[in-house]
Amino acid sequence: MANEKQLALVIDLNVCVGCHACVTSCKEWNTSGWAGPMPDQQPYGKDPDGVFFNRVQTFECGTFPNTETVHFPKSCLHCEDPPCVPVCPTGASYKRESDGIVLVDYDKCIGCKYCSWNCPYGAREFDEVTGVMKKCTLCVDRIYDQTLEPERRKPACVLACPASARIFGDIKDPESEASRAIRDNGGYQLMPEAGTNPANHYLPRRKTNAQVHDDQLQRADNPLSREAEPPKFGGPTIDDASQW
Amino acid sequence: MRDPVTSCDSQLGRAEVKTTTCYMCACRCGIRVHLRDGEVRYIEGNPEHPLNHGVICAKGASGIMKQYSPARLTKPLKRKQGAERGSNQFEPIEWEEALSMLGDRLDHIRKTDPKQLALFTGRDQMQALTGMFAKQFGTPNYAAHGGFCSVNMAAGMIYTIGGSFWEFGGPDLERAKLFVMIGTAEDHHSNPMKIELAKFKRGGGRFIAINPVRTGYAAIADEWIPIRTGTDGALLLALIREIIETGLFDREFLMQYSNSAELVIQDIKRDDHGLFARDPNVGVRPDTFDTPDRFWWDKATDQPVLSRSKGTEGRLMGEYTLPDGTPVKPAFQLLKERVKDYTPEWAEGITGIPADTIRRLAHEMGITARDQKIELPIAWTDSWGNEHQTVTGNPVAFHSMRGLAAHSNGFHTIRALAILMSLLGTIDRPGGFRHRAPFPRPIPPCPKPPKGPHAVKPSTPLDGMPLGWPADPDDLSVDENGAPMRLDKGFSWEYPLSVHGLMHNVITNAWRGDPYPIDTLFLFMANMAWNSSMNTSEVRKMLTDKHENGEYKIPFVVVGDAFQSETVAFADLVLPDTTYLERHDVMSMLDRPISEFDGPVDSVRVPIMPPLGDSRPFQDVIIELATRLKLPAFMTKEGTRKYRDYPDFITNFETEPGSGIGFLAGWRGKSGEKSMVGEPNPNQWDMYARNNNHYHHHLPKSFQYMRNWNKGYLTWAQGNRLVRYHDPINIHIYSEVLQKFRLAAQGKWKGKQPPDELRPRVEQFFDPLPFHYAPLEWAKTDTARYPLSALTQRPMAMYHSWDSQNAWLRQIHTQNYIMVHPSVGAGNGFDDGGWVWVESPWGKVRCMARFTEAVEPGTVWTWNAIGKASGAWGLDGDANEAKNGFLLNHLISEELPNMVGGRHVSNSDPVTGQAAWYDVRVRITPAAADEPQESWPQFPTLGQLPGQTGFGAKMRAFFAGKKR
Amino acid sequence: MRPAFSVLFLTTLIGAAQGLLIALVVGQLFLVVGTGQQTVPGGFYALGAFIALVLLALGLLASFFHLANPARAWRAASQWRTSWLSREVIALPAVMGMAVLYGGLHWLGLDMPLLHFANGKSLDLTMAVGFITIAACVALFICTGMIYACVKFIREWASVWTVINYTLMGLASGFTLAAAYAASWASVLTGLFAVFALILTIAALAGRVYSLWRNARLRPLTTLKGAIGAPHQHIRQVSQGFGGGSFNTKEFFHGVSPEKVRALVFFFLVAAFLAPMVLLALGAGVMLWLAFVVQYVGLLAERWVFFAHGNHVQNLYYQRKA
Ligand SMILES: Nc1nc2c(c(=O)[nH]1)N[C@H]1C(S)=C(S)[C@@H](COP(=O)(O)OP(=O)(O)OC[C@H]3O[C@@H](n4cnc5c(=O)[nH]c(N)nc54)[C@H](O)[C@@H]3O)O[C@H]1N2
Ligand SMILES: Nc1nc2c(c(=O)[nH]1)N[C@H]1C(S)=C(S)[C@@H](COP(=O)(O)OP(=O)(O)OC[C@H]3O[C@@H](n4cnc5c(=O)[nH]c(N)nc54)[C@H](O)[C@@H]3O)O[C@H]1N2
Ligand code: SF4
Ligand code: SF4
Ligand code: SF4
Ligand code: SF4
Ligand code: SF4
Ligand SMILES: [Mo]
């Protein structure tokens, strides 16, 4: 199934602050768009429940005080070998040859949910009202929309993300921003053992450390010397101990 | 299925795009609202807006669901005849009845005793108008949320560097190399902070987060330094000490731009002890605030000379004697002595941060500031006429908010932070802290509160501003006995520098009649019966409490709100406001504009859709009331109505006739040819709308840095009326202002002096140099019984209490938990997910616990304001927010008992009156197995109000416009 | 996984129907190949096939309840090249068609010999159709089993044992039903069916116990480490990103306590296997009907547990159901 073009999101966990902007902007764009509606049940009652194509989860790694808090956005990964597609009995689930986006044709879907069983990432969400399976469309109705300004022809979540933690592009084009980000920052796929070959990639946490050398503390122009007070650098000296 | 590629979204219905300014939170991003067949279809960030450059946040993108909220109020409401207040029984009335009822009442108050009106507003953005209304009305009893929000941050820094974080300035992450964020969860600079933080990290900057909790921003920090709650003062003072001891401070910067080298009188017997030595022969303008008559000790000649005299170099250290025998020390020397014992080891014991880490931090800050200097080829001239060819930056940036502010030791902690930033030489320099216009302002800024009871007279505007910046004890709002003049006791000896008032004490004080009873409590955009009050359960009772004669202790309560909040139920009169998509608003230079580092920016909101039902913009209501009350500023000379409505007011209002200063700074002058100052322009609104709803005044590069001392900038700012004077704004390493209050407490001040029982308190806390003390509440608490500190944090996807009405946002935060380190559960016998009691000395709540490894084990926390009263906000009575969620405010007391002379005072910072939300101590025990699995306390379920939009259906499949 | 009752009924009903059809054909073959002296009237096969047809139809009906858009169900046949579900959608009507044909031919007595063998026996039309029916039933067993067995993200299901056990249980219940049915006709086949049913039930029990044992020892396909790709040993979810519910927390979780699930395991081991074994061994008449009913109920429980034991990989992302 190797597509020549594979659009995808690259999600930079190094800068994602878990703000959920991608979550609600996705819902906002899509509920009133081609892929909508995305219904909510008990919207103002007990245990509200709704369809979202993208969710941001939080994980903690390690134990105090060496704890890492990881905000983890997850939507359909538009797998290159999507197990959800061949199992669909109706052909409603399909992967576009032209750009690798995995979509559901609501007019064909019978709502058997079988595709969702075959997604290891829990990326599909069922709309109980219209009885069809829904999922992230990579905003296919935005990215080719000629009536939008060219720089706004991107998924809603990408445009929204204040931390620019979501990079959109063709991962088969080695020159795309997405490919470069993956290459340069150790981008990885989720659950490689699942054999899905996800198109979406994640960029890991990267740390900037500081190195302070002791000799950097001692400088000829130390202001203390201007004040005629020699700088103090810890510990006792012989002067403190000797008496002759 | 329709092909998504060949057909486009805009063909689905009648499509329009309008721009305005978001108000899903106080950040105020530019937005583009797409409508389909008149319904909101999509709200995106406006790429042409300087604040958010096209991005949007979770709240902003959910504005649709606020617009279609079930909690919307669409009718003015009057408490039903005979119904008890708080019983949520209302009848709908017409606006005319509402306005005449309120107008008549206010008219009577104004003609008899204007201070009987208390107008308090919450996290709103129109303090310029509401404050003006209060002043014109003649009542001093006005304030907004600042006092319970972050006034420590404003006061602590403005009294030190003439500017602050919050909306007044911020870290220059574009150029910084090291960024230290202390006690910030989400802040008012929501989107810009995220944009900058990501760029900063990608650019290889190092990000350190100091916070008891690791979530949100701190999650992506390169290093998380968990600190014990309430102990940052100790950390910052130890950092200062280490930086001084190792000589990592910027000596030239301190000497020239702060009062570090200036000589302070050191003679305990004298009345001017602790004040700067002054040369009486130097002429000082009476209106100046930074006088040029002080000395420093010249290194070369070993003589005192007027500081900053050409060719001299002051000394930062040592002790000297003036020719007249006065013993003096440079301010810096006093700082050095102050921090002498604040060793890293000392701080380790208090903060829980290893001494080695503290030392390493100090070295990292100091070396980065010193060795990674930025030099920009920008020529500028300082206030003393020295010409500089470059602007230098020491690229260490800080940011901090309520983690420091919301403690009773916050003022001094924040002053320590401002001093640390100054030692590193980072004030208004590239890569450090940068001001936003109208800051920097003089230390302290010029407006002053009313100075005594004479300021309040019937049928007369207030003498002074309701809120201001005391410069010395004589600026306090107290009577001849030193007793408070304001209902909230702001600017009294209990909290002298309470520059934003103390909204958190208003209801309690009004109920108790201390210092005096009032008639009308007018609340706007403040959920005072819930999340913005401390001691919520009791405060709710006070609102309905009666005298023995059956009269309510607070006779009349007016609430201006757009939604069915918990507070609405306690109103006698409800004024339904519009939403942000339905009205005009201004983010004015007179209030807190959205200025950028490179120059002033103000902005507007314009209506996208018509008001729903009978809702009416609150600003229009204020203009209408002001006109009915014939407040002078709202009347023509002939005594007729001056302003048709709010937009008309904004266009035509000038602070004084012909002053050329109005609410908006852009496109002034008859045809919009002027900026900042100029005659009113009838087409100003249109011009804003055409420019993406904002006006951005780009300062020349040479005016963008060092603005405290930048002659060009200060002259420009004065010329454009941003500041009154163009004197340099030198950093107050040593605060003479504070010392004056201390002298008054010691009986050495000629003017106002505190009542005797308050002398020790004022003397202790008005220390001219920062010091660390444990939060005051801890001394009133058995800390062995209540071993844990309890905090709230802002969730990024919720704004205070507003967003639970939002069908999408409430799915993200459906309930809150008390988040605890697993050891707390293990030690007290409960599990992850278990029901527990959280108790403070003042109250208790039952809620669910959740374990986390991302918290300092002595601290527990929860998301703020997720818990709701049953039935409020258009939610079903059994909604998770009400039945599982909880409000931490029930545990926090608005007063601390037995504080001065056996009397209570507000649970606040003793300098500023900042509400000490995060001082509370708690213990956690498991709930019994037979208790209901439901949060406690519960309140009777509120029913729907007349005219409330409501929403019965069990399902909502929102699709804007007609279905395909 | 959350057991859907429609699917529980679908699989158990059609399983029994397939088993019954196979039993009828096997019975017919036995009589043909056997002594050749005893015969059974065509009505026996016709009514038996009709019962199977009814069960199949009920199963089909149940399956419609599972579909949110049953009106479009016809589309589900289109992807037989890749989808076992699609193949099942084809195989099920095929089995129904064979049931009609097989039963119809018997009913109408259309039973001309097609082939004559050297030993004097012949392959009659009904017998030939019967063989095709068996093939269709086996195909349907495989399709249905494979629907689950090929979900590799549920380790408990992704095994050949899913197909084997499903087939054995279908056959067992079908033969038990056949035995009871034959007993009602006082047919000579009763004993044969009962013996087969007993053997199949024992085999199914063995297979199912093996899969229980296997499931208990399964190692998960991956861990949180693989799920989010963080290089850490201790990873916990603190928020799944929403506080209410979602499709992912409903479809993939059954929400029943582990104790109850364990009780149901015990129940189905007794009801689906042990009790029918005893009843089958006791033999005659009402006992056999009782055996079928008990076994059917047991198998419903077995299917429920089969779902409940299915632990989907996606659950790693949804651990905070509060
Ligand atoms: N999404 C969203 N944004 C908002 C708001 C909102 O409700 N929602 N509210 C707006 C308003 S009104 C305000 S005032 C701002 C407030 O913005 P913030 O000041 O960021 O708000 P808080 O949530 O109070 O965050 C306080 C942080 O300080 C930490 N903290 C508490 N005590 C201490 C301490 O002793 N030491 C240290 N180092 N840290 C401590 C807490 O863990 C928390 O992370 O946010 C504004 N922005
Ligand atoms: N425990 C705890 N308590 C806290 C804090 C904390 O950190 N911990 N933070 C404190 C802080 S910093 C603040 S600023 C306060 C915030 O306190 P508030 O400002 O009182 O809180 P909000 O929930 O924002 O409530 C404002 C009211 O405005 C209404 N409103 C929303 N939009 C509109 C509108 O367009 N027009 C009108 N007229 N009304 C509108 C809402 O319905 C709501 O009733 O909370 C304080 N309370
Ligand atoms: S919008 Fe960006 S920063 Fe916010 S949660 Fe989504 S990916 Fe993370
Ligand atoms: S639910 Fe729809 S898309 Fe998924 S497998 Fe069934 S028919 Fe295909
Ligand atoms: S993430 Fe799931 S739904 Fe998306 S393509 Fe991969 S398997 Fe299919
Ligand atoms: S690409 Fe579009 S559909 Fe997919 S998560 Fe982002 S906004 Fe949602
Ligand atoms: S940060 Fe605040 S103003 Fe900006 S989009 Fe979000 S809610 Fe609106
Ligand atoms: Mo605030």
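Note on naming: letters A, B, ... go to the chains in the order of the sequence lines (proteins, then strands), and numbering restarts at 1 for each one.
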* To do: Could you tell me which of A:Gly195, A:Gly18, A:Gly131, A:Gly122 has the largest number of non-hydrogen atom pairs under 4.5 Å with chain C?
  => A:Gly122
* Most contacts with chain A, counted as non-hydrogen pairs under 4.5 angstrom, among C:Lys225, C:Arg72, C:Met1 -> C:Arg72
* Compute both the distance and the angle, then confirm whether A:Lys134 meets the cation-pi test with A:Phe53: under 6.0 Å from the six-membered ring centre, within 45 degrees of the axis. => no
* Structure fact -> Assert top hit (heavy-atom pairs under 4.5 Å, partner chain A, pool C:Ala227, C:Gly244, C:Pro231) equals C:Ala227
* Give the member of A:Ser116, A:Gly50, A:Pro73 that has the highest number of heavy-atom pairs under 4.5 Å with chain C. => A:Ser116
* Structure fact -> Honestly, the part of A:Tyr202 sitting under 4.5 Å from a heavy atom of chain C is neither
* **Side-chain donor or acceptor of A:Lys95 paired with backbone N/O of A:Gly100 under 3.5 Å** => yes
* **Ion pair check, A:Asp49 and C:Lys250, cut-off under 4.0 Å** => yes
* Asked: Relative to chain A, which segment of C:His312 carries a heavy atom at a distance below 4.5 Å: side chain, backbone, both, or neither?
  -> side chain
* Asked: Non-hydrogen atoms of chain C under 4.5 Å away: do they reach the side chain of A:Pro120, the backbone, both or neither?
  -> both
* **Electrostatic pair A:Glu125:A:Lys135 at N-O distance under 4.0 angstrom** => no
* Output, in order, the C-alpha distance, side-chain angles, deciding distance and verdict of side chain to side chain contact (heavy atoms under 4.5 Å, CB included) for A:Trp29 and A:Asp141. => CA-CA 10 Å; A:Trp29 173 259; A:Asp141 56 340; 3.2 Å; yes
* Asked: When heavy-atom pairs shorter than 4.5 Å are enumerated against chain C, which of A:Pro83, A:Pro192, A:Pro48 gives the highest number?
  -> A:Pro48
* Asked: Under the 3.5 angstrom rule, does the side chain of C:Asn69 hit a backbone N or O of A:Gly111 as a donor-acceptor pair?
  -> no
* Side chain, backbone, both or neither: which part of A:Tyr121 has a non-hydrogen atom closer than 4.5 Å to chain C? -> both
* **Winner by heavy-atom pair count (cut-off under 4.5 Å) against chain C, out of A:Asp127, A:Val56, A:Asp47** => A:Val56
* Asked: What part of C:Val151 gets closer than 4.5 Å to chain A, counting heavy atoms only: side chain, backbone, both or neither?
  -> both
* Atom group of A:Arg124 that falls short of 4.5 Å from chain C, counting heavy atoms -> backbone
* Verify the neighbour count for atom CZ of C:Phe65: are there more than 12 heavy atoms of other residues, nucleotides or ligands below 6.0 Å? => no
* Does A:Phe168 have A:Lys154 sitting over its ring (NZ/CZ under 6.0 Å from centre, angle to axis within 45°)? -> no
* Scan side-chain atoms only and decide if A:Thr69 and A:Glu60 contain a donor-acceptor pair under the 3.5 Å cut-off. => no
* To do: Identify whether the distance between the nearest side-chain nitrogen and carboxylate oxygen of A:Glu68 and A:Arg205 falls below 4.0 Å.
  => yes
* Where does C:Gln237 contact chain A at under 4.5 Å (heavy atoms): side chain, backbone, both or neither? -> both
* Asked: Which bit of C:Ala71 comes within less than 4.5 Å of chain A, counting heavy atoms only: side chain, backbone, both or neither?
  -> neither
* To do: Answer whether the closest heavy-atom distance between the side chains of C:Ser173 and C:Thr12 falls below 4.5 Å.
  => no
* Can you tell which part of C:Glu88 gets under 4.5 Å to a heavy atom of chain A, answering side chain, backbone, both or neither? => neither
* Asked: Which residue out of A:Val87, A:Val132, A:Thr63 racks up the most heavy-atom pairs below 4.5 Å with chain C?
  -> A:Val87
* Structure fact -> Counting heavy-atom pairs under 4.5 Å with chain A, the top scorer among C:Glu251, C:Lys152, C:Gln233, C:His66 is C:Glu251
* To do: Determine the option with the most heavy-atom pairs under 4.5 angstrom with chain A, choosing from C:His234, C:Arg75, C:His232.
  => C:Arg75
* **Top contributor to chain A contacts, counting heavy-atom pairs under 4.5 Å, from C:Gly226, C:Gly241, C:Ala76, C:Ser86** => C:Ala76
* **Heavy-atom proximity to chain C below 4.5 Å, by part of A:Gln189** => neither
* To do: Heavy-atom distances under 4.5 Å only: say whether A:Lys46 touches chain C with side chain, backbone, both or neither.
  => neither
* Asked: Side chain, backbone, both or neither: which part of A:Cys112 has an atom under 4.5 Å from a heavy atom of chain C?
  -> both
* Asked: Of the backbone (N, CA, C, O) and the side chain (C-beta and beyond), which part of A:Ser93 lies under 4.5 Å from a heavy atom of chain C, both, or neither?
  -> neither
* To do: Could you tell me whether C:Phe153 and A:Trp117 have their ring centroids closer than 6.0 angstrom?
  => no
* What part of C:Ile147 gets closer than 4.5 Å to chain A, counting heavy atoms only: side chain, backbone, both or neither? -> both
* Heavy-atom distances under 4.5 Å only: say whether A:His20 touches chain C with side chain, backbone, both or neither. => side chain
* Using the six-membered ring of C:Phe242, assess whether NZ or CZ of A:Arg55 lies under 6.0 Å from its centre and within 45 degrees of the ring axis. => yes
* **Sidechain-backbone polar pair: A:Thr31 side chain, A:Lys27 backbone, donor-acceptor under 3.5 Å** => no
* Given the side-chain rings of C:Phe306 and C:Tyr148, with only the six-membered ring counted for Trp, is the space between their centroids under 6.0 Å? -> yes
* To do: To the nearest 0.5 angstrom, please state how far the CH2 atom of A:Trp34 sits from the SG atom of A:Cys139.
  => 10.5 Å
* With a 4.5 Å cut-off on heavy-atom pairs, point out which of A:Ala92, A:Pro204, A:Ala194 contacts chain C the most. => A:Ala194
* **Region of A:Glu128 in contact with chain C, defined by heavy-atom distances below 4.5 Å** => side chain
